[in-house]
K.L.:
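Quick one: this structure, given as structure tokens, is what I'll be asking you about.
Each ligand, and each atom within it, is numbered from 1 in the order the structure gives.
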Amino acid sequence: MNIPMVDLQGQYRKLKTEIDTEIQKVLDTSSYINGPAVNEFASNLASYLGAKHVIPCANGTDALQVAMMALDLKPGEEVITTTFTFIATAEVIALLGLTPVLVDVLEDTMNIDPEAIRNAITPKTKAIVPVHLFGQCANMDEIMAIAEEHQLFVIEDNAQAIGANYTFKNGTTKKAGTIGHIGCTSFFPSKNLGAYGDGGAIFTNDDQMAEQMRIVVNHGMNVRYYHDFIGVNSRLDSIQAAILKVKLPHLDDFARARNYAANYYNNAFANCEKIITPVTATFTDHVFHQYTLVLNGVDRDGLQKHLSDKGISNAVYYPVPLHQQKAYRDERYQDGAFPVAEKLSANVISLPIHTELTDEQLKFITDSVLEFVEK
Ligand SMILES: *Cc1c(COP(=O)(O)O)cnc(C)c1O
């Protein structure tokens, strides 16, 4: 067997007729940039999310950058985010001359710790960027309360949790990415809603922020060739939008298939003391962008080799927290500064999770993991 982390081929085969037709339509009209497919997809995504505005852009990293540019954050101002995430989150903060303020995560959900956010606030703090890691939401009741108290912007990095539902303390629900002032997502092929190339989008319910972000993604231009702001060129191309338009109606089914695999794994590992299965917080559902175990006294390198030798892909997200990355080394954060993230980085392992996993594959994977762990 050869089991990839993500089976893009298998999923494409199921949707091939529809996807090929939509790609052909773009080719037949040659409207490659800002064609009808882009607007249609953006409008469909806005309805799905219950967001007033969806602004397509070139990738998830740009989405975060555009959000921060539109909020007119100034060099030296501080943006609080998690140290346990993909680099993009902190990268754009640093690129804009803002100061990334990193905080630790909660041991169970691996999401940003609201108490740690509270403790990191200074008079220079302007925004919080929670990342909905691996497919479940951070604690947005707490984060929005902190933001309101201190007049901060909240930009949700929703690259990994598109489609997840958040339930507030008062019982109302919202889609991940539509709770803060701005939500950002990525359509990188392996994401839950993946294109066949790069893509991204920004969501907001605020008319003014939406207008400013539309200007920023378009070279800071409102009236053609009149540039009122410094912007960027960040577009979702029409072929990617056509593909995404076909896939969007299947997103909830994709989440169900991922949950089926996650449940299979959870059950198989339930009685193994050396494996801690993912913990989902009560206020969110989980769309399992990644299925990540925490190992307890297991030789992780050995397990990775054991699985790879059997053709089972596996990965460590993330082997080094941001504060220990060479490019982001900072005297504010010594080793040991964020013990939870450091411990997780040393002990997590992610197993294949996607929409095409069969029971036979799941059995082979879980048997193989247990064979090594319990030997
Ligand atoms: C994938 C990802 C991004 C960046 O998305 P790209 O489209 O690859 O630029 C940002 N943040 C997180 C948490 C991600 O997982």
K.L.:
Suppose the criterion is ring pair (Phe, Tyr, Trp, His ring centres under 6.0 Å): which pairs have a residue in residues 144-199, not counting sequence neighbours?
P.N.:
Y12-Y196, F41-F187, F153-H181, Y166-F168, Y166-F283
K.L.:
Would you please classify the geometry between the F134 ring and the Y317 ring as parallel, tilted or perpendicular, with 30° and 60° separating the classes?
P.N.:
tilted
K.L.:
Where does ligand 1 get N/O contacts under 3.5 Å from the protein, atom by atom?
P.N.:
unit_1, atom_1, unit_2, atom_2, d
ligand 1, 5 (O), S186, OG, 3.3
ligand 1, 7 (O), G60, N, 2.8
ligand 1, 7 (O), S186, OG, 2.7
ligand 1, 9 (O), G60, N, 3.3
ligand 1, 9 (O), T61, N, 2.9
ligand 1, 9 (O), T61, OG1, 2.5
ligand 1, 11 (N), D157, OD1, 3.3
ligand 1, 11 (N), D157, OD2, 2.8
ligand 1, 15 (O), Q160, NE2, 2.8
ligand 1, 15 (O), K191, NZ, 3.1

K.L.:
Output the rest of the hydrophobic cluster of V287: all Ile, Leu, Val, Met, Phe, Trp and Tyr residues reachable through side-chain heavy-atom contacts under 4.5 Å, sorted by chain and number.
P.N.:
none
K.L.:
Would you tell me whether Q290 and S350 have side-chain atoms, one donor and one acceptor, within less than 3.5 Å of each other?
P.N.:
no
K.L.:
Any ion pair linking E360 and K363 (charged N to carboxylate O, less than 4.0 Å)?
P.N.:
no
K.L.:
Return the set of residues passing side chain to side chain contact (heavy atoms under 4.5 Å, CB included) with N271 (not counting sequence neighbours), or none when no residue passes.
P.N.:
none
